Amino acid sequence: MWNEFEYLVPNSWAEACNFLASNPYTAKVYAGGTDILVRCREGHLKPEYLVDIKHLPGSRAIGANSDGGISIGAATPLNEIERFLPDRLGFQALRQAVHSVGSYQIRNRASLGGNICNASPAADTVPALLILGAALSIVGAIGERSVPLCDFFLGPGKTVLKQGEIVKSIELPFLDERAVSVYIKTARTKAVDLAQVGVAMLLLPGRRISVALGAVAPKPLRVLAVEEIRPQAVWTKEDLEIVVSQVVAAASPITDLRATAEYRRHLVAVQTGRALRELLSLCSPRENGGMSSEETT
């Protein structure tokens, strides 16, 4: 059941933040609308004001920074991000994650900032952003601050955003050109469904590895334990088994309508092994330990 609300288009970030701070319980940020309008129609949200940030300076901008990083405005549609990301294997996980959200039509409206700020444990883009070391630029009534994405989530639907604060942009640091990454999503259907399990993995020169998970914990999870793993010379089956066991140990899935906890834990093991083998097949054996994907099977 729809409730009536006012649609507001502020002229500046300061105006938007001040209005949200003055109406903390009745005003909501509108970035793409693919989620909030559904919640309004279903009666889960009954805002009196929707504050559209899509027309604010930089909100839909995407580009490379002078330091080699990438800055993405929070209201940038997912399709634009997929088209922009450089054709480098290091950013492949984010391209795959963006592409896995809903349908093409939904991705023309859905924004990266919205996908993050919903704080869903199953948000597809978040595991990929976590392994890439993303940080959020947050603007509020009294100034701006930067928050590492890994510190942003407090639980399902909960974040560190204070009253009147808005995520302005997502900042990705410089990434070595030899890096490779992948995002593997398992869902009940091949299109327009939330993940049962999402696994993002980044392999850097020097055999450094980073793994993040979605849909298997109260919030998206970066598995810090695997980042201490350094194969001495080559990736062995034992190394792969250690990675898989530590990733599985970090997960704390629940049973819901999409999958049982036991099945999710099984998927984490299977998809983690698959992700590592896929990355090893993409990168230079000399740079990443000399082990091919065939050797780990």
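Just so it is clear, the model here is predicted, and its values are computed rather than measured.
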Taking the side chain as every heavy atom from C-beta outward, state whether [X] and [Y] have any atom pair closer than 4.5 Å.
X      : Y      : value
Val199 : Arg274 : no
Val226 : Met201 : no
Gln246 : Val211 : no
Trp13  : Ser59  : yes
Asn65  : Leu172 : no
Thr76  : Phe84  : no
Val126 : Leu130 : yes

Would you check, one step at a time, whether the test side-chain contact (heavy atoms from CB on, under 4.5 Å) holds for Arg88 with Leu175?
-> CA-CA 10 Å; Arg88 282 165 41 189; Leu175 183 66; 3.8 Å; yes
Do you reckon Leu149 sits in the same ILVMFWY cluster as Val160, going by side-chain contacts under 4.5 Å, direct or chained?
->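 Yes, Leu149 and Val160 fall within the same hydrophobic cluster.
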Only residue of Tyr25, Tyr30, Phe19 satisfying ring-ring contact (aromatic ring centres under 6.0 Å, His included) with Tyr49 is Phe19
Could Asp256 and Arg258 be called an ion pair, given the rule that one side-chain N must be under 4.0 Å from one carboxylate O?
-> no
Enclosure of Asp87 CG (heavy-atom neighbours >12, cutoff 6.0 Å) = no
